[in-house]
Amino acid sequence: MWKFLHSCKRRVISLYLLLVCCSSVFAQNIKVSGKVTSPNKEPIPGVSILLKGSQTGAITDALGIYTISVPANGVLIFNAIGFLRQEVPVNNQTVINVTVTEDNKQLGEVVVTALGITKAKKSLGYSATEIKGADLAVTNEVNPVNALQGKVAGVQIDQGAGGLFGSSKIVIRGNSTLRNNNQPIFVIDGVIVENNTFGGTGRDFGNDLKNLNMEDFESVTVLKGSAAAALYGSRSINGVILITTKKGRERKGLGINVSQTFNVFKPYSGPDFQNEFGGGTVGDFFTDARDPNYGPTNRWRTKIFPVDPNTGKPYIDRQIGRELENWGPRFTGQDVTNYDGTPTKYVAQPNNFLDAFQTGHGSATNVALDGGNERSTFRVSYTRDQSDGVVAKNSMLKNSIDARVTHVINKWLSADVGANYTDFSGTNPPRLGGLDAFASYNFGKLFTWLLPRNYDTKYWMQKDKYTSIFGGTPNLSDPNEPNKAPESRFWFNLFENTYLQNEQTIRGRVALTATINPWIKLILEASVNNLYTRIENKELGQNPGFAGGLYGIGHTSKESYFLKWMAMINKPLTKDLDLSGYIGGETQRLQTSYNYDETDGGLSYPGNYFLSNSVNKPKATGGLRSRKAMNSLYASADLAWKNQLFLQGTFRGDWSSALAYSNGTGNFFYTYPSVSLSWLFSETFKLPAWISYGKLRGNIAWLGNDTDPFTINPGFAFNGYTQSNGLDLPISTYSGYKDPVTGKIIALQPNLQSERKIAKEVGAEMRFLENRIGFDVSLYQDNTKRQILDIATPPESGLQGIIINAGNIQNRGIEVMIDGTPIKTKHFEWSTNLNYSRNKNMIVDLATGRTEYDLGANIGEISTWAVVGKSYGTLRTLIHSKTYQATDANGKPIDDPNNGKPELAWRSDARTGFPVRSNTLQDVGDINAKFRAGWGNTFRYKNFSLNVLLDGKFGGDFVLLTYRYGTHTGVFPNTLAGRDADHGGITWTSAYDQQTYDDGLIPDGVFAKGQMITQPNGTQVNVGGMTYQQAYEKGYVEPSHAPQFYYRYGSSSTGVADYWIKKNSWISLRQVSLSYQFSPQLCKKMMLNNLSVAIVGRDLLYLYNSLPYNYNPASNNSNNTAFSGEEGFLPMIRSIAGTIKVGF
Amino acid sequence: MKNSVNRYIKYSLLAALLGIASCSKNFGDINTDPSLVTKPDVKFLLTYSQDKIVTYQGTEWVWESMEQLMRFTQSVTSSPYEITGNVNTRYNNYYLQILPNLFEIRKQADEMTNKDQFQRIKAVTYILQVLHGIKVTDMNGSIPYSQAIEGRYQTMYSPVFDEQPALMDNWLSQLDNAIKALTDNSQPEQIGYGKSDIFYQSDWVKWVKLANTLKLRIAARLENADNAKCRTIFQQVLKDPTGPISGDDSQVKYLNSTYAPFGSSGDIDYRSRRYATTSVMTFLKKSNDPRLPIYYEKNDLVGGYKDSLTKYSVTLPAFINPADPLIMFQGGPADWTTNPTVAAYISNPFNIGPITKYNLISAINRKFFSPKLNNATGNFMDVPVTYAETCFYMAEFIQKGYAGGIDTKGTAEEWYNKGISSSIQTNNAIAIAAVSTTGYSGDGSTEIGNYLKNPNVKFNGVNNLERIYIQEYLSFYRQANEAFVFCRRTGYPKLTSTYYARETFNELIPRRFWLLDPGEVNRANWSAAMQQQGFTPNAQDVPTLSSQRIWYDKNAPDFGKGQ
């Protein structure tokens, strides 16, 4: 520990020396004071004033006022970010007021950077993109991540399928760690908001980001380069999204701005199902006994109804206890008995998937009051956001109050105080993910695995249809139950159960800025960010008499506070050299505690939701989920030379408790240095007039990271009690990771260290033709090393993993942004911007002796891996088909025309051949996109503004598990081929039973060497090496019944992964918005400051979609960054919103 | 001015340095989860492992026992379903839930200053390891054991797979050592687990009996592969002064008032309700078995059904004898395709009148397995190692002449009768705990006595061994793995028997489960084991699983082809 203190001290002392050296000698002169204002009379703080030819300088305070002692014949240089440099001779004046003019060469563009410090964009040695808050607010998204989609190069966003307020995935410049959360943090006015991932199972209530209000955002800066993020500590390893909220403005009277939005969410498209054949089993072979009422002579015949032996009437196959396949008759409106015994017509229900959804709608109201005088400003804003989603009972209500006050207390002290309170209540987000063999809550699985094309959703989703006459849900195994409709419990769960999450966020911040002298400011800042969550789960019992059911209630308190001090200097050193910088420190404390109580064994009084209504003793859990302390010191020094060369060095040291062992030892101190350089070469050289601006930049940064609290101090946990032999006995075993009770059993490498990321970036920005066109290019390479990984071990070792320091992940990429204004006339303007990003991820190294790392994101039997020499996100499976290779007698490969075709397996019980599984682990895809791009256009005509945003993703594999399901069950059009003569089915008379069939199909592939097939007469024939077609031509096999082939092709025991891993490339018409700004004259007549109306359409349609059958590309059911695929799609949903904004 | 500036800088730096001094204060405490301890008490660890041996089986009951194994043994018939990756949960649970604590108990015991007093605490951990280890190798063949669970202690992450002969030898010697430690009276006074030992409450004698019964289990499994060793083990057990489990009170019993492997709703009917097979029903009826109402539910032919039949002039289907006094118990074909006529009544009720419908085939007694069904209040009781099983091994081995002149403490017939009696009593006790249908009220001595005298039960000198086999089979009704291992080992019930015939079953039956590629860390050992055993790596299809056998199963007859 002393070693660290020592090194810490040494660095602080060096900085001190630097500061001392910089202070210079003042001469005795006349005192000049004055005020610096903008053309519209707003005071400008932070303007540096320098005596020409000396190191004497001053800086304006919050009121724009400065004082400086200078020789009476000197010349003052006024230099402010965003404004042109001005020189004013003193000429014995004691008061010099200056009005600066805006720099329209774009040299003055400013951005908010790390720790909330505003900087000139020209001085940045790294890439940062700023977006105006208003551009995000217009999207009406709940999740700010969705609003960023397509707007920033290098930022990958994949919307989730979690409903109204579900999580989306955002990754900046690729996955940099082997963890599942590689998302950036969000920082709002210096307060860090977590961006947690949703695991993919359970209900996605979204993360903390949904409690932010975009109406209150002034600006959002995406800090992509690690140099930018180096000052946020460990949590910034994946980048930072920096949000600055609005402040009040100095004005006469009160500014009142009201905006009201109404929106609708319309599920407009589901996948394309086949609508020609309805429910019916595949036939009767011994692993799947069919309803015996098909009769013994129809063992291989599909497209028929079973017949009730008692009534002699055909009925729709209920397929009890199994997935509902679609090998039933062709729809012709036959009279048939329905699942509940009533007569019905047998017809297709083409819209039965979309029928399961409703049109969602919502409204959002924002009222903001602001005002201020030259000493104080305030802004108070209230937001109410209410929505009903497209899934029944999925709704949300958010009320939020945000206040911000700034006040200049006296000449040297000013305060900035902000507070936010948000109350969010969400209910019943859809639950996706592979939960069990059936489709509990999973719409996509329901309609591909369980419900046939004849299923009349609107009829069966009625309460009296999904409820059993005995109470609860119909139990199809109960012979006395008359209602044999499949999966009634889906609707029962959907409509009868309630899952509530209420969140109350309290965020407060106080910042005091003291101007110590003209070039030193001291900032003290404190903030709290507390989130209190209450969850309530209510489930109605599904057993007869509504017995069973559940009630649970839980609370989580996530509390954090933060203290910071910072001394800022801003001082001209010489005529050509300016120094600015800061030294600071902060301390953070975070703690999360929770409790959750739940009934056990059902409810004694069905449908009454309270804990003591539990049949057995209720179960109680709770405790501390995490606790962490972080202390930090940081410093930054910026040198600016002749307004053309900018050098910034930053340093941060973190002490994180998460790396401390219980006895107080550990490697818990780590540092982050960074250096960046920006060169405005357009200022250095005399360039042709058509080049307006040119800049080169570069940076290198070292980042560190800790791990989750408690991780490195495992022990033994209690795992509840066993009530055996009349006793309640506690049971205990090793604590798990990450959850002490349910997590993995792990061991630890001794002496763990912090992680290290090394990020390098170079870039260029140029603007031409008086700024009409410009580009910004970045090239980067990031390497994350020494990661704290839990690397899997075979369970036979008694462990599921060991936590070690290892790995080297590399991300390399390019980002390009081009913007231009092709047309600019008095009334019409077209501005456009294009962004493009490409990232290549590579695993350079894992741990010793390891070349593969299972990332723990499995979909079906496809798993996601990090493989040395390949990427984070290599898809692998055991169940890809095997390729045929002929061999000679010695087993040596030989040439054969059938080589390369899939090898076929044969099942006599199905009388079909189908691709055989290789049963070896093969790489079958890569989830990483080749590139992403966004194209925004704004057309302004007089007061109309039309904005059109397209974005696209190209490449990246996506696992479509329900496509496999739907092939197995015959709901997709790919299973039509061969079903009957109309669909190309071969008609033949089978030698097995002398019956004639028309559903013959010849599977593509070659039989394995030595494959024997028993003929109808009992003899055996070797078909090894023949294609199915060749064996068929020789008369050794009959055509396969088409249903039998598709059934095996997608089945859980024989299906292959060949056809349901697809490129997920798309181009989305992400946004079209049309707004009209009423003219100031008209507003004035109506006694308004401003009035505008807008209509915005989001996620309107896919102009291109590479997924088959119109699958929704936004079906990812987890924002786990290793996850690329679906286990249950949602329909494509578009939203249309109308907004009116009025300013009084 | 300059001075004041310097003063400010100095103050700032002072503040910074003070900050550093407390930079890492209390970090050790902050980063320690208050709900964890570093020094565990061995008794909580033991309870955990014992509890897991039974309670890990939730998935196993639903997906493996009910859906697969009990169909293969023809204890039940139901709509068949393809075998999935949900079987074989016994494997990972062994290494992650059961074994680690047992190893840790021994480590903790060895670290005690009075470690000599922990010898029996340590000894019983081996017995538990063997108890579940046998079940793991039953369906997997070679498994890691001698180098397993050493990741934490020895950084050994790639344990070799021990072949079955070595496994069995290792287990036998571990059992022998445990018996020695548990019966060695020269040790200092031994510390026990007290009530935290939920199987035997630290009654060391019962632990010795369990160890001896486990030796019998191993002997039975070695019968076809190493008959000489089978006999040797049997004779060792006969000679042991304590001997195997000797009564219902030394069975491994687990009664839990909250554990419900089938939950409180319909998991017992998961995917399909299960029914009695024709073969089991025929035998239980003709022998008037007291276990019949415990094992299977009545159909709807009860009460005034005859009046309804008469009222609507309906005749029962031909497979039912209207004069059968046990008409309320009917089985269905084990393979539905072999008798679609009767199978149709599994899916469809029999229509009597416009409203009246009768279900004709008897389902399994669902509350017997799922005592919380529909929120009922019964309790789940499991007896993973029974006295009946012990008795039937004794009877079987004596009958086969494996005793080699050593005192068998009773004839084969006496052991046979004890086994039957215990099986009936134990199953009745389970039914009572489950608040399910019982076989009798009172102590059952009359019913059991009558049963033993039944000509279909009593030794007749003609097929005594088959009678032992059938009773052994019937006693394993609730122990799906033991029943499967029994049918696989003996080929009984026999397809061709006139006494108790296995039904025709067209479906292929896997003789083992599978272990998937464990990843690069232990791929070499896994591949070697697969190759050594002749297993197709990663294959999960039934044609492969039915044709590739584990070592001790290699000489066993096919299902139903017992000699």
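Atom set for the values below is all heavy atoms of this structure, side chains included, hydrogens, waters and symmetry mates excluded. Reminder, nothing fancy here: chain letters follow the sequence lines and each chain counts from 1.
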Examine distances only and state if a side-chain atom of [X] and a backbone atom of [Y] form a donor-acceptor pair shorter than 3.5 Å.
X      : Y       : result
A:Q800 : A:I746  : no
B:N256 : A:S724  : no
A:S732 : B:F44   : no
B:N538 : A:N919  : yes
B:E82  : A:S1053 : no

Let's test your reading of the structure: which of [options] forms the most heavy-atom pairs below 4.5 Å with chain B?
options                         : value
A:S656, A:G601, A:S662, A:G472  : A:S662
A:A905, A:P794, A:G715, A:G849  : A:P794
A:T311, A:I802, A:N475          : A:I802
A:G602, A:A658, A:S1051, A:A717 : A:A658
A:A547, A:P709, A:A747          : A:A547
A:N713, A:V615, A:D600          : A:N713

Part of [X] lying under 4.5 Å from any heavy atom of chain A:
X      : value
B:F161 : side chain
B:I83  : backbone
B:L99  : neither
B:D269 : both
B:N92  : side chain
B:P40  : both
B:N374 : both

>> Show every salt bridge (Lys or Arg N to Asp or Glu O under 4.0 Å) that has at least one partner inside residues 709-731 of chain A, sequence neighbours left out.
In response: A:K617-A:D728

>> Regarding A:R589 and A:T587, do their side chains bring together a donor and an acceptor under 3.5 Å, going by distance alone?
In response: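 The criterion, which ignores hydrogens and geometry beyond distance, is satisfied for A:T587 and A:R589.
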
> Is the closest side-chain donor-acceptor distance between A:S632 and A:W655 under 3.5 Å?
Replying inline: no

Looking at [options], which has the largest count of heavy-atom pairs under 4.5 Å with chain A?
options                        : answer
B:N379, B:N522, B:N26, B:N101  : B:N101
B:E104, B:K357, B:Q540, B:E150 : B:E104
B:S158, B:P340, B:P144, B:S49  : B:P144
B:D29, B:V37, B:T38, B:T155    : B:V37
B:N31, B:I149, B:D51           : B:N31
B:G85, B:A363, B:A539, B:P518  : B:A539

Heavy-atom proximity to chain B below 4.5 Å, by part of [X]:
X      : answer
A:I879 : neither
A:D478 : both
A:L799 : both
A:Q723 : both
A:P730 : both
A:L748 : neither
A:P482 : neither

> Can you name the residues that form a salt bridge (charged side-chain N to carboxylate O under 4.0 Å, His left out) with B:D517, not counting sequence neighbours?
Replying inline: B:R523

> In terms of ring plane angle, is the pair B:F103 and B:Y153 parallel, tilted or perpendicular, where the classes change at 30° and 60°?
Replying inline: parallel

>> Ring-plane angle category for A:F668 and B:F27, please: parallel below 30°, perpendicular beyond 60°, tilted otherwise.
In response: perpendicular

> Does A:Y721 OH have over 12 foreign heavy atoms under 6.0 Å away?
Replying inline: no

> For B:K253, does the NZ atom sit with more than 12 other heavy atoms under 6.0 Å from it, leaving out its own atoms?
Replying inline: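 It does not: B:K253 NZ has 12 such atoms or fewer within range.
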
> Between B:Y91 and B:Y95, is a ring pair (Phe, Tyr, Trp, His ring centres under 6.0 Å) present by the stated rule, with each step listed?
Replying inline: CA-CA 7 Å; B:Y91 187 83; B:Y95 297 103; 5.0 Å; yes

>> Both conditions, 6.0 Å and 45 degrees, for the charged tip of A:R625 above the ring of A:F710: are they met here?
In response: no

